[in-house]
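Here is the structure we will look at, set down as structure tokens.
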Amino acid sequence: IMRYTGNKEVTTPHLDQFSDTAYCFTNAYCTSPLGGPAQHSLYTGVYPSQHWVLKNGMNMKQNIPSILSLLNKQNYTTGNIGEIQFDSFHKPENTQSTLNHKFLIDHGGFSKYTSYLQSELGKRNLNYKPYEYLLDEKSKRQERDGLAFINSLPEELTLEHWTTNEALKFIDKHTENHSDNPFFLNVSYSSPQKHYTPVKKYANMYLDKLEELKLPPNFSVEKLQKWCEDNQNGSDSLSIEDVKYLRAMYFGFVTQLDAALGELFQGIKERGLMENTIIVFTADHGDNLGEHGRFYGRNMLEASVGVPLMIWFPEMNLSEKRIIDKNVSHVDVVTTLLKIVGITPPKSMPGKDLRPLIEGEKDWADHAVFAEFYKYQENPSQLMLRKGDYKLTYSIENEEGMFEMRLYNIKEDPWEQKDLSD
């Protein structure tokens, strides 16, 4: 849904402005459409089958180098602000600044945010109910798990606003205490993901024009019903109106995130850091958001395994955005960042340096990217290989071992509607 990919439904002025002088990748992929495995790949530069975090909550193999540990050896101050499912953050030698890192405890792991919020609510005498439903009781889209609702918090108390403020505090503290050392900071916003919970200001931007919202070309009522039946934690059925509502709430969440990113970008500029800081914007995975009748991720469809990726290089001095349509992976991002700062990536890292591609290298067409998902045990239930215009997927969706293969020409068929596997 990024504007640089042609999407015009979602309002993201700050990301649009950032993209104006950044390298924008239109075929970037995560290594797994699940948060824990994907985030570990973002830090180790290897695939889940190498770091061995196959599901959320698993610990990775011992002695796996990460971008954190490698940068620490070069006197970088490293830190994380926001959601992180990377178990190496438990180890003090890998980071000097860790906030809120308790895996999936209290508000998705944001333990420090939780205490901050409770303190602020007390000061303001606010009675906040995070799952307060604002629609009628008949609404299927709010049954059981509260998939979408309007957040009644003031915007300045939202998790996105807090994450930005804590990131800028980290930068200020680093400048004060380690001004001679470079820093690496991961700012990980939890939104937008389930639950879809924008504040009213941003939700209404899309709810007010619900009738005008379009469904994706590959939407199917039949597939939606099957997904509802298979999804144990959701509604038994959803209507087309429900799908539009969920998309509107997700879009509102994206615009709310964009506002927080605008504050972060402005803070970086005000501190004079744009001239010597590399900024990477990406996501651990995507959300189907109604495509093929599905929501969330956890599959190899483009909306789930494809990710936004923009990189700002201060020394490149771009006067306009550069669109790059070659296939790239999160493992390539890690390799690139290490090489930029003069670190030779370990041989175990399969990623490729993106700078030759950015500078116009022609032989990138054969570069293949890979993704994997583990639903059951140690055998992958879904695999994806993207090379050139084609994407091949392999899926075992039941424990009996029944499988299917699908092949799509993504350039000609971006909505994955024509299976060419035969």
Side-chain angles (χ1 to χ4, degrees), residues 1-2 7 9-10 12 15 28-42 53 55-57 80-86 100-110 113-114 130-131 141-142 144-151 153 158-164 186-199 202-203 206 216 227 231 233-235 238 242-243 245-261 281-292 294-309 330 371 373:
I1 60 176
M2 300 298 297
N7 184 283
E9 285 188 294
V10 188
T12 52
L15 283 171
Y29 292 89
C30 60
T31 62
S32 176
L34 184 62
Q39 290 184 26
H40 277 74
S41 292
L42 270 170
V53 177
K55 300 180 181 180
N56 289 342
N80 172 71
I81 309 296
E83 178 185 342
I84 183 63
Q85 299 181 25
F86 186 61
N100 70 281
H101 183 46
K102 289 185 177 179
F103 178 71
L104 294 182
I105 300 175
D106 294 339
H107 293 264
F110 289 81
Y113 169 70
T114 302
Y131 288 85
R141 55 195 169 234
Q142 291 181 338
R144 299 185 189 174
D145 59 351
L147 177 59
F149 57 90
I150 293 176
N151 190 344
L153 278 179
T158 60
L159 182 53
E160 294 72 40
H161 190 82
W162 176 86
T163 302
T164 289
N186 172 61
V187 187
S188 184
Y189 293 89
S190 183
S191 62
Q193 64 174 336
K194 175 192 173 186
H195 310 281
Y196 309 152
T197 59
V199 299
Y202 298 109
Y206 303 94
W227 178 82
N231 180 30
N233 296 320
S235 302
L238 291 169
D242 291 331
V243 173
Y245 172 84
L246 294 175
R247 286 174 64 85
M249 294 292 275
Y250 186 95
F251 293 166
F253 221 174
V254 171
T255 302
Q256 181 170 312
L257 170 63
D258 181 79
L261 287 169
F281 174 81
T282 189
D284 53 2
H285 59 80
D287 189 315
N288 290 292
L289 212 60
E291 292 191 21
H292 296 275
R294 294 170 173 259
F295 282 87
Y296 319 142
R298 304 191 177 201
N299 56 63
M300 295 303 172
L301 297 169
E302 285 291 285
S304 172
V305 76
V307 292
L309 177 61
H330 277 160
F373 177 68

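Throughout, numbering of the chain's residues begins at 1 and tracks the sequence.
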Item to check | R247: partners by salt bridge (charged side-chain N to carboxylate O under 4.0 Å, His left out), with sequence neighbours left out | outcome: E9

Checklist entry - Should H285 and S32 count as side-chain neighbours, where that means a heavy-atom distance under 4.5 Å? => result no

Item to check | Selection residues 297-308 - residue pairs positive for salt bridge (charged side-chain N to carboxylate O under 4.0 Å, His left out), sequence neighbours left out | outcome: E302-K391

Checklist entry - Of all residues at least two apart in sequence or in a different chain, which pass the side-chain contact (heavy atoms from CB on, under 4.5 Å) check with A303? => result N288, E291

Next on the checklist: Under the rule for side-chain hydrogen bond (donor to acceptor under 3.5 Å, both in side chains), what residues qualify as partners of H330, not counting sequence neighbours?
Outcome noted: T282

Item to check | Contacts of type ring pair (Phe, Tyr, Trp, His ring centres under 6.0 Å), residue Y29, not counting sequence neighbours | outcome: none

Checklist entry - Listed by chain and number, what are the side-chain contact (heavy atoms from CB on, under 4.5 Å) partners of S191, not counting sequence neighbours? => result E160, F253, L257

Item to check | Validation row: N299, V305 side chains within 4.5 angstrom (heavy atoms) | outcome: no

Next on the checklist: I'd like to know if the side chain of D258 and the backbone of L15 have a donor-acceptor N/O pair within less than 3.5 Å.
Outcome noted: yes

Next on the checklist: So, using side-chain contact (heavy atoms from CB on, under 4.5 Å) as the criterion, who are the partners of T164 when residues are at least two apart?
Outcome noted: L168, Y189, A260, E263, L264

Next on the checklist: Going by side-chain contact (heavy atoms from CB on, under 4.5 Å), name the residues that satisfy it together with A259, two or more places apart in sequence or in a different chain.
Outcome noted: E155, Y202

Checklist entry - When rounded to the nearest 0.5 angstrom, what is the spacing between CG in L153 and OG1 in T197? => result 9.0 Å

Item to check | Contacts of Y250 that satisfy ring pair (Phe, Tyr, Trp, His ring centres under 6.0 Å) - sequence neighbours left out | outcome: Y196

Checklist entry - Do L246 and L289 come within less than 4.5 Å of each other through their side chains, counting heavy atoms only? => result no

Checklist entry - With sequence neighbours excluded, what pairs up with T31 under the side-chain hydrogen bond (donor to acceptor under 3.5 Å, both in side chains) test? => result S41

